[in-house]
Amino acid sequence: MSTEFGKGCHLHLIDGSAFIFRAYHALPPLTRKSDGLPIGAVAGFCNMLHRYVEGNTGPDAPTHVAVIFDHSGKSFRNDMYDLYKANRPPAPEDLRPQFPLTRDATRAFNIACKEIEGFEADDIIATLACQAREAGGRCTIISSDKDLMQLVGDGVEMLDAMKNKRIDRDGVFEKFGVGPERVVDVQALAGDSVDNVPGAPGIGIKTAALLINEFGDLESLLDRAEEIKQPKRRQTLIEKRDQIELSKRLVQLDCEMELDFTLDDLEVKDPVSEELMNFLAEMEFRTLTKRIAEQLGVEAPVINDTPQQGASAAGEVDVPEDLPFDPEAYAWVKDAEGLQTWIDAAYKRGYVAVDTETTGLDEMRVDLVGICLSSEAGQACYVPLTHKAGSDDLFGSDQLAEGQMDLEQALAMLKPMLEDESILKIGQNMKYDAKIFSRYGIEVGPIDDTMLLSYALHAGIHGHGMDALSERYLNHTPIPIKSLLGSGKSAITFDRVPIEDAVKYAAEDADITLRLWQKLKPQLHQEQVTTVYEKLERPLVHVLKDMEMTGIKVDRDVLSRMSNSFAQKMAGYEAELYELAGHEFNVQSPAQVGKILFEEMELEGGKKTKTGQWSTPADVLEDLANEHTFARRVLDYRQLQKLKSTYTDALQDHIHPDTGRVHTSYLQSGASTGRMASNDPNLQNIPVRSEEGRKIREAFVADEGKVLLSLDYSQIELRILAEMAGIDALKQAFKDGHDIHAMTASEMFDVPMSEMTPEIRRQAKAINFGVIYGISAFGLARNLHIPRGDAQAFITRYFERFPGIRTYMDDTKAFAKENLYVQTLFGRKIHMPEINAKGPRAGFAQRAAINAPIQGTAADVIRRAMIRMPDAIKDLPAKMLLQVHDELIFEVAEDAADQVIAVAREVMEGAAAPALHMSVPLVVDAGRGANWAEAH
DNA sequence: GACATCACG
DNA sequence: GACGTACGTGATGTCC
């Protein structure tokens, strides 16, 4: 009963992308109840489609209809102009996974759903509209996109579904000042900032229409540009002719695309009840399912939207009733065909859990061994790529094992999906995998990270490693990696693991990651940490990745010379110590040092550690050092030993052979407060306090022609304390740029600023720090080497002068006891499970509760600065290299240093805004130099 | 692998 | 009245 499209037929073409975005913005961020899949745009899309179908009655009803989508990725216009649509922001993260679902929705309504790779929806619409016109039929384009207005006329009209307004030739004239056939000419001149079509600078739609109407068309205008009276306009049109002609080609829609379907294929069909019902039920749209079921006269299917985990309180463990883990279900992907099915699955779902297997843990050095994918719980695959044959061979064979895809081929297949804006890639510690992929030419994005989900949700409650999360939230113990690799000397690398074993282990990781994501993602809303995750965690991953991959240049010779010098001095100290002790011993053993001091030399005041051995920390030795050369020399020896082993020796091993730079790794979820931790090597504890140690920073250098910059927040934690506790005197001092410690001293001890002594100021400074740490008389006494009673008197006096501090501390403790967590000013939660403990642990927890919001807010501030920094400096010859809690290190071309300092300082000082308006200014100090010692 | 020590903010 | 404390990290060495 197919009718050939022709006279009397009416084609409706729906601009699918417009529907999606309108739906997305019209609705709150709904998620599917059972698994937290973002679903708001799909819900809106279905409502709009449904309303559209309902409205299709009467003489204007279509005989043919299709929804046209933009295909993801670049279009042929990017070949003409690589900046086309370049400044368009990527689709929101929670929208991307919904793109494929809107296609499914369209098909569920039994409406033709079309998209073609390399073309935009507008071109398909143009081609179909022209075909309809030539066949003598009518066409209505349901869109308000002005780019489509060039198609209007001779039976083609547009319908703005939002305003329910038809746009005919008059409507086009109203908008562009010319008829549809001249619209592209006007657009070519006016350009389009949204699509990044350059056009003619300085000419807008009004002027463009004026010119086109005067000269007839664009070509005549450009040919006769000399005749234009206004000099500026004339010059622009002559000079920018190429750009204008390019713009015309960009806005000109392609009416003659080759399509693999005809108009006849688009005939209006009634929905197939069962398919539509199944889809709506799968999406868990209760209202819509019920309403449409009634209209179709069928029974609405039962919707099972029981969340896969109970509405759990923070940290509560719930045992899932979920499907069991079945290693036999995991697939070994051996060829392109097999891999394609998994890529297809990722596209169907819109998300995929990804995990890489490598030959080690150092992302900058290891090789990729295999890749795992999973888009549905219980189903996962492993794609082995570089496993070696014959693992039992003593030397190992370099021959590749059988049953593996070619590495290049697999990566070429995966790259488009891993980089596809519409596919969410889920990983556990995704920074690791992103770095590996980046070294193989793939920039993974967008991403979700289960480790960071856990961190945003449960910092302070438990760790965020995969094994711990799996046991806690999936009630499943993953296969230990040790069972495959062994441990110690006999450990092998992953490429030596037999593939059949690797499949079970590796695919399981992807399966676990996906299930964790399904469980944890919906909890963000329940715990009200969505913004923390979205604004402070997820965007940081790629920033850290880039910093780590850039690394910092370290001069091996400087370190090597220092090592030698230290070794010589240490040998001297060692001989002297043997002499003083009367025998040889291990200077590096605190137990032996303690024995000599407190038993052989019979000195007083020795304390024992909880394990019963003599305690010999630096402050104890320091007390003895003036009287006893032995103690002094142990201290001297220890200082050099520390500097040598941890820094001058170890750092040399961390210099990457190819880059000549040191690449640390930041642990984003390391510290419960929101701070980062740095490891392998730790570049956040490079010596600076001692003269000797500071020299190590001279080994951290800028590349030739460049300098290092150091920008650090001045007193950020005290400023935040003043802000949080609302201490007017402190706030005012910061606003006036006063010396805050001197001011505190003046207030506390009634000393005028003019009579301030360094000693009084030092004591006030210690108190200020103590407050941040959750002050105690004992701690302050020890720090200042004063009697405990004096320390208590200081604290009492301090609280008298700044009563707001005491209130803040009491309020914070009370909040923590009530809620079992504390919060930063940006909403980060730091859980305090021990806050109501009895005994000495209570004190710990209370001080931690006081410190965490302060330290955490400072950490949030610098995170915000770091996240904004890449964009701020993107046009400058500068790279951000390191973060040290309140300091950022950059490497910049020498002549751009001042400019970068200005830009980076602005970003850092303004980092709290706009989320938080601080009444205390944040101040950033900057330094520059050939090395880190000079820059600091 | 636990503990002690010490480097940083 | 005694308990035993400054907050947050990571790396190294000893010793079991």
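The figures here come from the full heavy-atom set of this structure, side chains too, leaving out hydrogens, waters and symmetry mates. Throughout, a chain's letter reflects where its sequence line sits, starting with A, and its residues are numbered from 1.
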Legend entry - A/R638 side chain to A/T616 side chain, donor-acceptor N/O pair below 3.5 angstrom: yes

Legend entry - Donor on one side chain, acceptor on other, A/D449 and A/Y432, under 3.5 Å: no

Inset, instruction - Using the side-chain hydrogen bond (donor to acceptor under 3.5 Å, both in side chains) rule, collect all pairs that involve residues 834-843 of chain A, keeping only residues at least two apart or in two chains. - result: A/E834-A/R841

Inset, instruction - Starting from C1' on B/dA7, measure out to NE2 on A/H885 and report it in whole angstrom. - result: 11 Å

Inset, instruction - Give a yes/no answer on whether the side chain of A/S615 brings an N or O atom under 4.0 Å of OP1 or OP2 in B/dT5. - result: yes

Legend entry - Exercise: do A/Q639 and A/E692 side chains pair donor with acceptor under 3.5 Å: no

Legend entry - Selection: residues 856-863 of chain A, any non-hydrogen atom under 4.0 Å of DNA chain B: none

Inset, instruction - Grab the stems for DNA chain C, please: at least three consecutive Watson-Crick or wobble pairs, both distances below 3.5 Å, written as range with range. - result: B:1-9 with C:7-15

Inset, instruction - Name the closest nucleotide to the A/R782 side chain, picking from C/dA6, C/dC7, B/dG1. - result: C/dA6

Legend entry - Contact residues, residues 925-936 of chain A to DNA chain B [heavy atom, < 4.0 Å]: none

Please tabulate, for the side chains in residues 782-789 of chain A, all donor-acceptor contacts under 3.5 angstrom to protein atoms that are two or more places apart in sequence or on a different chain.
none

Inset, instruction - Name the orientation class of the two ring planes belonging to A/W614 and A/F598 (parallel below 30°, tilted from 30 to 60°, perpendicular beyond 60°). - result: tilted

Inset, instruction - For A/L643, report the nucleic acid contact type (base, sugar-phosphate, nothing); a contact means any heavy atom under 4.0 Å. - result: nothing

Inset, instruction - For B/dC6 and C/dA2, measure between their P atoms and round to the nearest Å. - result: 30 Å

Legend entry - Distance flag, aromatic centroids of A/Y798 and A/F794, threshold under 6.0 Å: no

Inset, instruction - Tell me yes or no: between the side chains of A/H936 and A/E887, is some donor less than 3.5 Å from an acceptor? - result: yes

Inset, instruction - Sticking with atom P, work out how far C/dC3 lies from B/dA7, rounded to a whole angstrom. - result: 31 Å

Legend entry - Residues in contact with DNA chain B, drawn from residues 618-626 of chain A - heavy-atom cutoff 4.0 Å: A/A618

Inset, instruction - Specify the residue among A/Y647 and A/L780 whose closest nucleotide of DNA chain C lies further upstream toward the 5′ end. - result: A/L780

Legend entry - Distance between C1' atoms of C/dA6 and B/dA2 (Å, rounded): 24 Å

Legend entry - Quiz item: cation-pi between A/K644 and A/F566, 6.0 Å / 45°: no

Inset, instruction - Scan A/A791 against the nucleic acid and name what it touches under 4.0 Å (heavy atoms): base, sugar-phosphate only, or nothing. - result: nothing

Legend entry - Proximity to the side chain of A/R638 - top-ranked nucleotide from C/dT12, B/dT5, B/dA4: B/dT5

Inset, instruction - Check the surroundings of atom CD in A/E800: do more than 12 heavy atoms from other residues, nucleotides or ligands lie under 6.0 Å from it? - result: yes

Legend entry - B/dG9 OP1/OP2 closer than 4.0 Å to side-chain N/O of A/R689: yes

Legend entry - Test: A/R797 cationic atom under 6.0 Å from A/F799 six-membered ring centre, within 45° of axis: no

